[in-house]
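The structure under discussion appears below in the form of structure tokens.
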There are 4 protein chains.
Amino acid sequence: MPEANSDDAEGTRRKVPDPAAATARPRRRQARGERRIAQILDAAATVFSTAGYTGASTNAIAREAGISPGTLYQFFPNKEAIAVELGDQLLRRWRATYGRALTPAHLELPLEELLEAVLDPLIRFNHENPAFGVLMHGPDVPGKIAMDHADLHSSLLPQVEGILSGYLSEASPAEVSRIARLAFATFKAGLDLTLSVEPDERDAYITELKTLLFRYLQPLVEDCRTRPAS
Amino acid sequence: MPEANSDDAEGTRRKVPDPAAATARPRRRQARGERRIAQILDAAATVFSTAGYTGASTNAIAREAGISPGTLYQFFPNKEAIAVELGDQLLRRWRATYGRALTPAHLELPLEELLEAVLDPLIRFNHENPAFGVLMHGPDVPGKIAMDHADLHSSLLPQVEGILSGYLSEASPAEVSRIARLAFATFKAGLDLTLSVEPDERDAYITELKTLLFRYLQPLVEDCRTRPAS
Amino acid sequence: MPEANSDDAEGTRRKVPDPAAATARPRRRQARGERRIAQILDAAATVFSTAGYTGASTNAIAREAGISPGTLYQFFPNKEAIAVELGDQLLRRWRATYGRALTPAHLELPLEELLEAVLDPLIRFNHENPAFGVLMHGPDVPGKIAMDHADLHSSLLPQVEGILSGYLSEASPAEVSRIARLAFATFKAGLDLTLSVEPDERDAYITELKTLLFRYLQPLVEDCRTRPAS
Amino acid sequence: MPEANSDDAEGTRRKVPDPAAATARPRRRQARGERRIAQILDAAATVFSTAGYTGASTNAIAREAGISPGTLYQFFPNKEAIAVELGDQLLRRWRATYGRALTPAHLELPLEELLEAVLDPLIRFNHENPAFGVLMHGPDVPGKIAMDHADLHSSLLPQVEGILSGYLSEASPAEVSRIARLAFATFKAGLDLTLSVEPDERDAYITELKTLLFRYLQPLVEDCRTRPAS
DNA sequence: GATGAATGAGGATTCATTCAT
DNA sequence: TATGAATGAATCCTCATTCAT
């Protein structure tokens, strides 16, 4: 129940009449259900990005979704489950829209272009989906980054690690992990900055953020290239 | 009433003869009261750093302080006032303990040493006072960094700007501001990382953070030095 | 939501077939809810008339209604809203029960009979609904009669003015207003008196009040009749 | 202690060294105490007339008086006692300033002049001491005019009865009482009206109130005069 | 599945009053 | 006497969650 069994709730939003006639009936139900879920998640995104996770109330989400609290709880067992599912959905959406940027081909690019190719869509996506940013941090407490509501953090970090480990061929896994964490944290901080800043300053901040990350990572990359992995 | 000139109310870290003692006489009726204020602020620090600003309840703070809610409100008119005063106290404590690092002399140091001199105490202080970090961020919503409860952010950022503008003699004020914001945000993010990481990894992360900031700022500094301000 | 079309929610005094029944269908989901609203308003009437507006607590009202505070707030956003709705309900009830006294025909009656026709039902209604009297005054401070919680005062005064302006054809609007205010205030004071007095004295007080008002208004009326409006 | 025996707390603010040397010491104490009491009552008058009896908090009164709550409770055992004492003080003040109007000689005047002589000072006094009006009513609830905090009501009513019984020589005590109550209640209502009305309208309302009372009482008086007390 | 009613503990805050100094 | 600290129940109101229909 907590999972809100959305095993298929995302990519496979089938419109086809579903040839398997036998299974058709049960699915029907789920069709409405998925619409509801989408409704709720949309509302949640709005409310979370407006009030933050802690400040968001399930009643507010239900109201925003135009449904009753009871209905909301028919799809999600509690507030956290909404956050989790919203996080998943955003992740899926991210992959579906901009995520293609990360073709293996990109990993051959020079760092500067890689950053460009990764950061630009990610930033744009965050501006389009402000809830993404909210869910990337845990609620409030800094020392407690990894919250239980399986946040986006834990999903994205491995990706960063993956990319970086390609560039830092020489570094130990621990080093890669550390660098990835720091780079990712830095990116999030910079991202928040761009979100809090006047729109006309935004680009300058984005550029600055790219510069920052580039300067941080470039020497590490070079290091590896110079001294080819033994 | 909540003056709480608690420079010394808690740790009694000062060795100087306390010149304020003379002027403190007038309102010494509050001997008990100031102890209470210190108590409350201590409790608030604990609760804030445990539950975050939004999640902290005044009742919880009172409970933690071992007093009744009514008593708490004899000293602070509301939750925000507690946060403000706690922020101020932490700031005062910071200045009193590690803040001396920022002698004008330091501004002559090469960047690397400057960073060392600034970051080390700041990080240590944050580890000793985890509430500091909580109050450096506003509550929750990223796009809303500047909260009304005069946060530490607004107090510290100017200092960062001040230092950097010494090094970036050539940059325009807008640039300095941007760089300072990004550097500060980055620092906070990295700091949070060090707080969330296993103690034995801490130093590695700190080093990494210093490296990051150094690499970001070094070229800017050099730029200014090479091309002497026209 | 707190429509509480409780014309009939409590006394069910009407004999007419209730034409509203047809239109009421659309939102009949709240069958239980409207009962609750009536319950709450009943409880509020009791508590208000016992403790006064200021002294009445929403928790007390909820307790009196046999529900939890949360439930109360599902129907009313705050204490004032309860008072407003209760005032409205009482007004509706008044109109539905005794309010018919004010046929245009009555305005042709001699003053004495008019008073009889108006005051008797009004007094009886007040004795049956003591909360009415409480809501006719603002809370406490005399110099502040008009409170924001749209009190009955502001609803009834115009009616008094209306009736009187028929009788005082010659007087200026300002005069009519003044006379109406004073007469109404006097009535309320006398009414309170009848409420505070032993039951067996009641009638004597009521008679006295009628006499008072009659003597006050009669000369004004005569004045107008003698000297026909120029 | 509750009585705060301020028998002489108002008119007789003696500065003379008190010739009776023997009794001087104990009095000394009381001198300060009486000043305190006066202070508190002044503050109470302000707060009561601003917030009403129910809305007035003892803390607010203490603050307004510039003393601590503890001190307040050294002179009055509770809020009601303050109201009682304030009522008494106002009564004394009334008697000392305007109360002289009620010479036995006045009782020989024709009703109109009597009203003039009584109402004018009373109204003026009320405008100068708005707390008077607040304490003339009990707190809120109409049916509960006689509150325990021995209000001014119970003190003034007998006086009204006294005066009226002179004019209504024929009426039975019960009748006199009834007429007095109604007249007094009416007066209070009219008074409140003058307090709530724009200053420039005030006089018109006052005149109207006098007219009202005159018209009510005149026939009663005449009745008695015509038919001399058997 | 959907609704809206229901809950009751908990949130911030106030208040009359008492207590230690 | 005066102070201000202390109290704890009570204030209004919110919230995550559950239940009956």
Side-chain angles (χ1 to χ4, degrees), chain A residues 28-30 32-33 35-36 54-62 66-80 82, chain B residues 1 27-37 54-62 66-82, chain C residues 1 27-37 54-62 66-80 82, chain D residues 28-30 32-33 35-36 54-63 66-80 82:
Chain A
R28 255 289 155 83
R29 293 255 172 75
Q30 293 187 6
R32 251 215 332 264
R35 229 175 302 133
R36 279 277 117 96
T54 311
S57 88
T58 55
N59 283 351
I61 295 173
I67 62 173
S68 68
T71 302
L72 186 154
Y73 275 86
Q74 216 125 25
F75 294 93
F76 297 95
N78 52 43
K79 192 166 125 179
E80 190 179 333
I82 302 175
Chain B
M1 231 176 258
R27 23 94 158 161
R28 227 219 355 314
R29 239 24 92 44
Q30 303 94 321
R32 209 150 80 261
E34 296 203 359
R35 229 175 302 132
R36 275 282 120 82
I37 289 182
T54 310
S57 88
T58 55
N59 282 358
I61 294 173
I67 61 175
S68 71
T71 300
L72 187 156
Y73 278 88
Q74 204 122 34
F75 296 97
F76 298 96
N78 52 45
K79 192 166 122 178
E80 190 180 334
I82 301 176
Chain C
M1 233 173 260
R27 22 97 157 157
R28 226 211 7 305
R29 235 30 87 45
Q30 305 94 321
R32 209 152 77 260
E34 297 203 358
R35 229 176 302 134
R36 274 282 120 81
I37 288 182
T54 311
S57 88
T58 56
N59 282 0
I61 295 174
I67 61 175
S68 71
T71 301
L72 187 155
Y73 278 89
Q74 204 123 35
F75 297 97
F76 298 95
N78 52 45
K79 193 167 123 178
E80 189 179 333
I82 301 176
Chain D
R28 255 292 155 82
R29 292 255 171 78
Q30 294 186 6
R32 249 213 335 261
R35 228 175 303 134
R36 278 279 117 97
T54 311
S57 88
T58 55
N59 283 351
I61 295 173
R63 210 179 312 123
I67 63 174
S68 69
T71 302
L72 187 155
Y73 276 87
Q74 214 124 25
F75 293 95
F76 297 96
N78 52 42
K79 192 167 125 178
E80 190 179 332
I82 302 176

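Reminder, nothing fancy here: chain letters follow the sequence lines and each chain counts from 1.
With DNA chain F read from its 5' end, the first of the two nearest nucleotides for L72(B) and Y73(C) is the one closest to L72(B). Both N59(C) and N59(A) sit near DNA chain E, but only N59(A) has its closest nucleotide nearer the 5' end. Toward the 5′ end of DNA chain F lies the nearest nucleotide of I67(B), the other residue of the pair N78(C) and I67(B) mapping further downstream. Residues R63(D) and G70(D) each lie close to DNA chain E; by heavy-atom proximity, the contact nearer the 5' end of the strand is made by R63(D).
Searching all strands for a Watson-Crick or G-U wobble partner of dA16(E) with both distances below 3.5 Å returns dT7(F). The partner of dG11(E), taking Watson-Crick or G-U wobble pairs whose two distances both stay under 3.5 Å, is dC12(F). Checking dT21(F) for Watson-Crick or G-U wobble geometry (two distances, each under 3.5 Å) identifies dA2(E) as its partner.
Taking 4.0 angstrom as the limit, T71(D) places none of its side-chain polar atoms (N or O) nearer than this to OP1 or OP2 of dA2(F). Here T58(D) reaches the OP1 or OP2 of dA16(E): one of its side-chain N or O atoms lies under 4.0 Å away. Between dT14(F) and S57(A), no contact under 4.0 Å exists linking OP1 or OP2 to a side-chain N or O.
Residue A56(B) is classed as a sugar-phosphate contact, given heavy-atom separations below 4.0 Å to backbone atoms only.
Taking atom NZ on K79(A) and atom P on dT18(F), their separation rounds to 15 Å, with Å as the unit. Atom pair F75(A):CZ and dT3(E):P shows a separation of 9 Å (rounding to whole Å applied). Separating the CD atom of E80(D) from the C1' atom of dT17(E) is a distance of 15 Å, rounded to the nearest angstrom. I61(D) places its CD1 atom 17 Å from the P atom of dT14(E), with the value rounded to the nearest Å. The nearest whole Å value for the distance from the CZ atom in F76(A) to the P atom in dA2(E) is 12 Å. In this structure, the CD atom of Q74(B) is 12 Å from the P atom of dT14(E), given to the nearest Å.
For R36(D), taking side-chain heavy atoms from C-beta onward, the closest of the listed nucleotides dA12(E), dT7(F), dT3(F) is dT3(F).
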